[in-house]
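To start, the structure under review is shown below, and the notes come after it.
All ligand and atom numbering here is 1-based and tracks the order in the structure.
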Amino acid sequence: MFNVQDIRKDFPILSRKVNGKPLAYFDNAATSQTPQQVIDAIVDYYANYNANIHRGVHTLSQEATDLYEQARQKIQAHFNAKFSHEIILTSGATHSINLVANGFSSLLKKGDDIIVSALEHHSNIVPWQMLCERTGANLKVIPMNEDGELVMSVFDNLLSKNTKLVFLNHISNALGTINPIEYVIEKAHQVGSAVLVDGAQACPHIKPDVQALDVDFYVASAHKMCGPTGVGMLYGKEAWLNKLPPYQGGGEMIAEVTFEKTTYADLPHKFEAGTPNIAGGIVFGAAIDYMNNIGFDAIAAYEKELLDYATQKLLAIDGLKIYGTSKNKTSVISFNLENIHPYDVGTILDKLGIAVRTGHHCAQPIMDYYGIPGTIRASLAFYNTKEEIDTLVEGVKKAKMMLS
Ligand code: 7TS
């Protein structure tokens with residue numbers, strides 16, 4: 001049974017005060033909070049297992065290696081990848097995207113097309129622009145509409161035999177829109193293009209099945225799903241990962257090194273140069289366990305309830321406009337008050353202990369589309385409550401009164 005008050009007891013930070021008020025944390029899309037089970041796993045690693053992995057004959061190193069590889073298997077099972085070596089542990093979604101973008105340098109030529117969506121976080125735009133500069137490929141954009149949805153009829157027309165890669169997020173960080181990735185994957189595959197899905201904002205809410213999706217690459221960050229910062233994953237189909245060259249050179253990614261020639265290790269090690277975030281990788285596994293114990297169906301149902309409640313309450317405030325009104329959206333609410341700068345509202349909310357993000361949310365093209373400098377974003381998680389939403393709504397009303 002889903003009981004939010006019991007769940008909240010797992011998160012020590014949720015009982016602290018900010019500016020003398022109980023914290024109401026609504027910046028979950030930036031980073032999620034960390035349950036005690038995950039904090040304990042970090043302490044356990046450093047207290048009992050700390051050693052470098054894949055290189056020692058000694059017991060500690062072997063134990064740490066086993067834990068790290070078990071975490072990889074846990075991640076494999078969670079995303080339903082066919083092989084554990086299709087899971088590359090990275091420093092996060094940004095690293096994962098850059099790894100693929102860098103690899104495609106050797107696969108693209110002038111005149112090839114790559115397609116992005118208008119709803120992307122900068123980390124799924126800039127690495128591809130850099131790739132286009134290196135290769136002469138063209139970057140094409142699937143546009144958005146007023147509701148913050150992608151215009152799929154334009155996407156259909158952008159696709160051609162020149163399309164080599166399509167990349168878009170599963171869920172928009174700025175608006176919460178759930179994108180029709182199944183359709184995108186099917187259509188892109190029909191013209192022989194690969195697809196990368198940025199799942200950074202989807203993984204806190206749903207459990208993606210990469211084989212059912214038939215997606216070529218899928219990326220995620222642990223810190224948005226109750227895990228630590230500085231660790232994430234890249235899923236890639238084995239054939240694609242074998243086709244891509246290594247991203248970074250260094251220790252642990254080689255088979256043999258001489259000054260004449262170096263050969264590379266097999267997957268996944270080919271993409272994991274240097275000492276990784278060992279504790280982070282292991283604890284990523286613990287975070288996945290934590291979320292699965294609560295259950296993604298229960299999380300989705302509860303968050304939908306919170307989203308509907310918050311949307312209705314906020315819309316009752318005169319002059320408040322919500323950006324991102326797709327029926328198919330998750331628990332992110334981006335909004336503005338008429339004639340008031342989002343930053344000013346965010347500052348007043350902070351004084352009341354309410355944490356929201358204000359600004360362009362690293363998604364400037366979306367703000368440009370709406371002709372606004374930014375929004376106030378309340379992103380909800382399964383440990384938020386209706387009472388906290390009431391506090392937010394009262395805070396927004398107060399800010400409106402003070403700033404009008
Ligand atoms: N992709 C999406 C869709 C994101 O929302 C983010 C981070 C990233 C990629 C990058 O993830 P990282 O872990 O590599 O940094 N999004 C946000 C946000 O919305 N507010 O702060 C970070």
Side-chain angles (χ1 to χ4, degrees), residues 25-34 75 88-102 116-130 142 144 148-150 166-181 184 195-206 208 215 217-235 247 276-277 280-281 283-284 287-288 323-324 326 329-335 342-343 346 350 355-367 374-381:
Y25 185 77
F26 292 116
D27 197 16
N28 297 289
T31 200
S32 54
Q33 290 304 343
T34 318
I75 298 164
I88 311 299
L89 286 157
T90 64
S91 70
T94 303
H95 176 184
S96 302
I97 294 168
N98 276 278
L99 188 162
V100 178
N102 188 73
V116 67
S117 101
L119 292 176
E120 299 309 304
H121 186 277
H122 296 163
S123 65
N124 204 23
I125 300 174
V126 184
W128 306 108
Q129 288 175 321
M130 293 159 74
I142 313 169
M144 60 182 278
E149 294 167 329
L150 295 177
V166 181
F167 35 96
L168 78 168
N169 58 44
H170 196 164
I171 292 181
S172 154
N173 72 311
L175 305 179
T177 315
I178 303 172
N179 287 316
I181 59 165
V184 169
V195 179
L196 177 144
V197 172
D198 172 359
Q201 293 295 339
C203 294
H205 308 289
I206 56 179
V215 67
F217 302 100
Y218 196 97
V219 314
S221 285
H223 71 93
K224 296 197 197 282
M225 39 193 307
C226 297
T229 53
V231 67
M233 71 109 207
L234 163 67
Y235 159 79
Y247 180 37
N277 181 349
V283 177
F284 190 0
I288 283 178
Y323 298 87
S326 174
K329 71 176 279 191
T330 188
S331 52
V332 171
I333 308 178
S334 251
F335 63 94
Y343 179 82
D350 179 56
V356 292
R357 185 172 172 187
T358 61
H360 55 59
H361 315 297
C362 302
Q364 266 183 334
I366 299 180
M367 304 303 138
T375 67
I376 305 147
R377 182 186 69 180
S379 49
L380 318 178

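The ligand atoms of ligand 1 that sit less than 4.0 angstrom from a heavy atom of Ala200 are 1 (N), 2 (C), 4 (C), 9 (C). In summary, the atoms of ligand 1 found under 4.0 Å from a heavy atom of Asn173, numbered by their order in the structure, are 5 (O), 18 (C), 19 (O).
In summary, of the residues considered (Ile206, Thr330, Val215), a side chain to side chain contact (heavy atoms under 4.5 Å, CB included) with His170 occurs for Ile206 alone.
Checked by atom type, the side-chain pair Asn169/Asn179 shows a donor-acceptor distance below 3.5 Å. Thr177 and Ser172 share no donor-acceptor pair across their side chains, judged by distance under 3.5 Å alone. No side-chain donor from either of His223 and Ser32 sits under 3.5 Å from a side-chain acceptor of the other.
Residue Arg357 touches ligand 1 through its side chain alone, judged by heavy-atom distances below 4.0 Å. When heavy-atom distances to ligand 1 are checked against a 4.0 Å cut-off, Ala30 comes that close through both its backbone and its side chain.
Ligand 1 has Arg377 within reach: a non-hydrogen atom of the residue lies less than 4.0 Å from it. Heavy-atom separations between His223 and ligand 1 include at least one value shorter than 4.0 Å.
The protein atom (non-hydrogen) at minimum distance from atom 2 (C) of ligand 1 is Asp198 OD2, 3.3 Å. The nearest protein atom to atom 16 (N) of ligand 1, hydrogens excluded, is given as Lys224 NZ, 3.0 Å; this is a heavy-atom distance. Looking at atom 4 (C) of ligand 1, its nearest protein heavy atom turns out to be His121 CD2, 3.5 Å. Protein heavy atom nearest atom 5 (O) of ligand 1, with residue, atom name and distance: Gln201 NE2, 2.7 Å. Protein heavy atom closest to atom 14 (O) of ligand 1, with residue, atom name and distance, is Thr94 OG1, 2.6 Å. Scanning the protein for heavy atoms near atom 9 (C) of ligand 1, the closest one is Ser123 OG, 3.0 Å.
If you look at His360 and His122, their ring centroids are closer than 6.0 Å.
Closest to atom 11 (O) of ligand 1 by heavy atom, among Ala29, Gly199, Ser221, Ala202, is Ser221.
In this structure, Tyr25 and Ser379 have side chains that are not in contact, with every pair of non-hydrogen atoms separated by 4.5 Å or more.
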